[in-house]
Number of protein chains: 4
Amino acid sequence: MTTQRFGRSPGRPKSAEKSVSTKESVLHAAASLFLQNGFQKVSIDDIAKEAGVTKASVYYYFGSKAELFTETMIAMMKRIREQIAQLLQADTSLYERLLAVAVAHLRSTATFDLEGFMRESRTSLSEEQMEQMRLAEEGMYECVEEAFLQAIQEEDIPEVNARFAAHSFIALVRVGNYRQPDGSFFFETTEEAAAQIMSVFWNGFFSSPAS
Amino acid sequence: MTTQRFGRSPGRPKSAEKSVSTKESVLHAAASLFLQNGFQKVSIDDIAKEAGVTKASVYYYFGSKAELFTETMIAMMKRIREQIAQLLQADTSLYERLLAVAVAHLRSTATFDLEGFMRESRTSLSEEQMEQMRLAEEGMYECVEEAFLQAIQEEDIPEVNARFAAHSFIALVRVGNYRQPDGSFFFETTEEAAAQIMSVFWNGFFSSPAS
Amino acid sequence: MTTQRFGRSPGRPKSAEKSVSTKESVLHAAASLFLQNGFQKVSIDDIAKEAGVTKASVYYYFGSKAELFTETMIAMMKRIREQIAQLLQADTSLYERLLAVAVAHLRSTATFDLEGFMRESRTSLSEEQMEQMRLAEEGMYECVEEAFLQAIQEEDIPEVNARFAAHSFIALVRVGNYRQPDGSFFFETTEEAAAQIMSVFWNGFFSSPAS
Amino acid sequence: MTTQRFGRSPGRPKSAEKSVSTKESVLHAAASLFLQNGFQKVSIDDIAKEAGVTKASVYYYFGSKAELFTETMIAMMKRIREQIAQLLQADTSLYERLLAVAVAHLRSTATFDLEGFMRESRTSLSEEQMEQMRLAEEGMYECVEEAFLQAIQEEDIPEVNARFAAHSFIALVRVGNYRQPDGSFFFETTEEAAAQIMSVFWNGFFSSPAS
DNA sequence: GATGAATGAGCCTTCATTCAT
DNA sequence: AATGAATGAAGGCTCATTCAT
């Protein structure tokens with residue numbers, strides 16, 4: 001009911017000077033927090049605080065938490081996809097290009113693994129938002145798939161199920177990111193991890209079956 | 001690592017008046033709900049309702065939501081682990097035994113992939129609870145790792161990083177569970193999926209490098 | 001995110017001794033506030049405060065603000081209806097019984113006029129809730145209508161549109177409750193108001209047309 | 001009570017570039033929305049959207065929501081009052097003039113009934129704004145009251161409490177606008193409704209008491 | 001004259017948790 | 001063993017209002 005107003009306050013503050021666009025900071029903060037803690041655990045307040053703006057400002061740019069999440073995730077996947085795509089366009093052998101992708105991904109904190117995020121946010125996103133996320137995810141895989149399809153066409157590698165190969169490749173790279181209970185990785189250096197992973201992958205798909 | 005339990009009497013319970021004990025129904029309901037919706041999204045009320053008891057009853061048996069979650073997850077992982085262990089003890093070749101594990105897992109709804117669950121619940125569980133979950137997860141892998149170590153010792157397979165192999169194996173099996181955006185899997189039948197996956201895995205680790 | 005809990009707090013308080021049922025106090029507070037300020041302006045917090053309980057307690061008994069509002073209003077209308085019904089069952093002439101109703105209503109603060117409440121809450125209530133309110137409102141009128149129908153059947157009064165008469169009667173009584181800008185009513189005493197109103201109503205419906 | 005306006009130039013505006021001034025569209029949108037949904041439920045954003053302008057523009061013309069509301073309502077009441085006044089100046093019998101007013105109002109969507117609006121907005125308007133609204137409301141009634149006073153002076157009708165008669169008249173007309181739960185009105189046509197209402201009103205006030 | 005950006009305050013609702021019985 | 005009642009703390013979202021341009 002709160003009948004009387006008092007104090008003075010809402011409204012845009014006198015502001016000092018703009019730096020990075022507010023929207024950008026929000027997206028940035030959201031990405032960081034969502035990535036670390038998942039959808040549910042992160043509150044809009046958390047994001048606002050991290051971005052140094054008010055909750056209402058977040059809502060000025062994003063209609064809902066689900067929307068912000070979707071947008072954030074899709075942006076991230078797009079970025080990953082582009083990075084991969086670029087690495088895969090190098091003028092070297094497929095093996096070397098994949099190796100480069102593996103190295104890059106083992107170094108990044110971003111995650112290929114969206115399954116967890118999808119499951120967690122499933123019931124909170126609209127059907128359309130889920131669809132958009134699925135497509136963005138697929139985009140990352142397709143990008144690797146293309147490389148296989150092209151190599152097959154150019155007869156650099158034998159014919160295989162390219163999509164399955166792409167997913168397997170990424171699944172194996174992800175293994176390299178696994179932290180054991182004591183916090184250590186399987187391999188000492190990123191390079192060694194990438195090398196081993198590539199070796200397994202390549203033999204798995206392109207060597208003649210072990211007799 | 002003697003599986004020492006505490007409290008509640010060992011051996012067969014005296015009577016079975018309540019066909020299913022309240023605690024059991026709660027655990028069951030919790031498992032089902034947590035698995036589907038993750039930690040945060042499931043409320044104690046949800047679980048109580050699903051189990052047909054009151055919220056307070058849940059608290060009678062489990063000190064907190066985190067505790068219930070941990071217990072649930074660990075129980076599930078133990079079950080998976082035992083199932084795997086059993087399949088791996090068959091009196092057949094390693095290849096065949098792994099194939100059986102692959103088939104079994106492709107059929108089950110339970111998930112090997114705990115990363116998502118871990119990330120989501122991370123900040124809500126106590127350090128000890130996290131540790132327990134990590135150990136239980138590790139248990140699942142160890143069980144596969146053992147099989148490799150033994151085969152190596154018996155010189156059935158060349159020497160490889162058994163732990164890395166175990167994780168890779170499971171990662172590949174998980175690929176077989178991936179649903180494409182249109183809802184379909186990569187392979188038509190579970191058997192074909194398992195066969196392909198095993199082929200890739202086996203060649204990857206045990207064939208001589210493709211020249 | 002708010003990781004650590006601190007302080008100690010939720011849960012049922014140690015309590016001293018129960019007095020009136022919590023639910024009752026909430027209903028009472030809600031009736032009083034809604035009646036004075038309408039649906040939108042009253043917050044659940046206001047009601048909780050007025051009832052001396054916490055907001056969460058309100059929700060323990062009522063699923064939503066709309067539900068509480070509906071329940072409150074319907075209860076009030078039922079009470080009014082019963083009061084009217086009782087007065088109309090007296091063993092006197094119809095004229096005298098209506099006069100009694102007029103007096104009673106001019107004295108009460110409760111309102112016959114739900115139109116305002118309906119319009120205000122329209123978009124916030126479910127279709128079903130609106131329907132329930134409409135029925136309860138109708139109940140109040142029907143109760144008066146019955147009296148007319150019966151009187152017609154017993155040939156105490158000529159045949160008229162009983163429903164229209166009931167609504168007109170109540171509309172006129174409401175006029176007696178009108179406060180002029182300076183705060184005063186049209187008539188000095190409740191009795192005089194009732195007498196004048198009844199005279200107008202009765203002549204309006206049951207006198208032979210002024211030639 | 002010279003209708004003294006302030007600021008903005010009197011007389012015909014210089015040009016009509018903007019076919020409808022922004023202020024006008026806002027007032028129009030506000031009237032429509034407030035009338036349908038009441039004060040609280042309508043947001044400035046809603047009004048701005050409906051008017052096709054920005055929220056800030058609304059504030060450019062109106063200092064606050066309460067002010068906009070008051071202005072809107074008063075304008076509406078003035079319009080109603082003028083319409084009534086005009087109909088009441090016709091050169092026919094009082095009975096016929098009132099009948100015309102009844103018909104006109106039964107056809108319009110605008111509401112005589114401001115009680116709901118007043119109650120709802122009461123705590124949000126300043127004392128002065130409330131006063132203005134009350135006066136405007138009173139204006140509508142006064143206009144009818146005048147007609148009675150004049151008729152009394154000219155001995156066309158017996159002496160009655162003119163103010164009470166005016167309110168009663170309007171209350172009865174409002175009954176004709178009542179929608180039953182099934183959505184229908186009491187009478188089939190507007191004309192019949194008006195005729196019945198007038199009959200009741202006229203007999204009520206001007207017939208000799210039913211013996 | 002008009003508007004984009006921003007915000008403080010509040011509101012409805014949910015939830016894990018506790019206590020007395 | 002089980003539960004009904006109660007609550008503090010958030011959390012998502014809306015909104016009137018303000019300021020700089």
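Sequence lines set the chain letters: A, B, ... in the order given, protein chains first and strands last, and positions in each chain run from 1.
- Here Ser43(B) does not reach the OP1 or OP2 of dT14(E): none of its side-chain N or O atoms lies under 4.0 Å away.
- A straight line from NZ of Lys23(C) to P of dA6(F) spans 12 Å, rounded to a whole angstrom.
- Comparing dT14(E), dC19(F), dG12(F) against the side chain of Ala56(D) picks out dC19(F) as the nearest.
- Cation-pi contact between Lys23(D) and Phe62(D): present, with separation from the ring centre below 6.0 Å and deviation from the ring axis of at most 45°.
- Put simply, NZ on Lys49(C) is 11 Å from C1' on dG10(E), counting in whole angstrom units.
- Within the nucleic acid shown, Val58(D) has no heavy atom closer than 4.0 Å to any nucleic acid atom.
- Checking the phosphate oxygens (OP1, OP2) of dA6(E), no side-chain nitrogen or oxygen of Tyr60(A) falls inside 4.0 Å.
- Taking only side-chain nitrogens and oxygens, Thr54(B) comes nearer than 4.0 Å to OP1 or OP2 of dT3(F).
- Ion pairing of Arg134(C) with Glu127(C) is present here, as a side-chain N (NZ or NE/NH1/NH2) and a carboxylate O approach within less than 4.0 Å.
- For dT7(F), neither phosphate oxygen OP1 nor OP2 lies less than 4.0 angstrom from any side-chain nitrogen or oxygen of Tyr59(C).
- Checking Val53(A) against Asp46(B), the closest nucleotide of DNA chain E that is more toward the 5' end is the one next to Val53(A).
- To the nearest 0.5 angstrom, Glu137(D) atom CD is 11.5 Å from Ile74(D) atom CD1.
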Query raised in the report: Could you walk me through whether Ser121(C) and Ser124(C) pass the side chain to side chain donor-acceptor pair (under 3.5 Å) check?
Result: CA-CA 5 Å; Ser121(C) 54; Ser124(C) 305; over 6 Å; no
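- Spacing between atom NZ of Lys55(A) and atom P of dG12(F) amounts to 8 Å, rounded to whole angstrom units.
- Annotation: Phe117(B) is not in aromatic contact with Phe39(B) [ring centroid separation under 6.0 Å not met].
- dA10(F) atom C1' lies 14 Å from atom CD of Gln40(A), rounded to whole Å.
- Residue Thr22(D) places its side chain closer to dA2(E) than to any other of dT7(F), dA2(E), dA16(E).
- Where Gly52(B) and Lys65(A) meet DNA chain F, the nucleotide closest to each residue was compared, and Gly52(B) sits on the side nearer the 5' end.
- Note: CZ (Phe62(D)) to P (dA16(F)) measures 15 Å, nearest angstrom.
- Nucleotides of DNA chain E nearest to Ile44(C) and Phe39(B) differ in position, and the one nearer the 5' end is that of Ile44(C).
- We find that CG of Asp45(D) is positioned 16 Å from P of dC13(F), with the value rounded to whole Å.
- Comparing Tyr61(B) and Ala66(D) against DNA chain F, the residue whose closest nucleotide sits nearer the 5' end is Tyr61(B).
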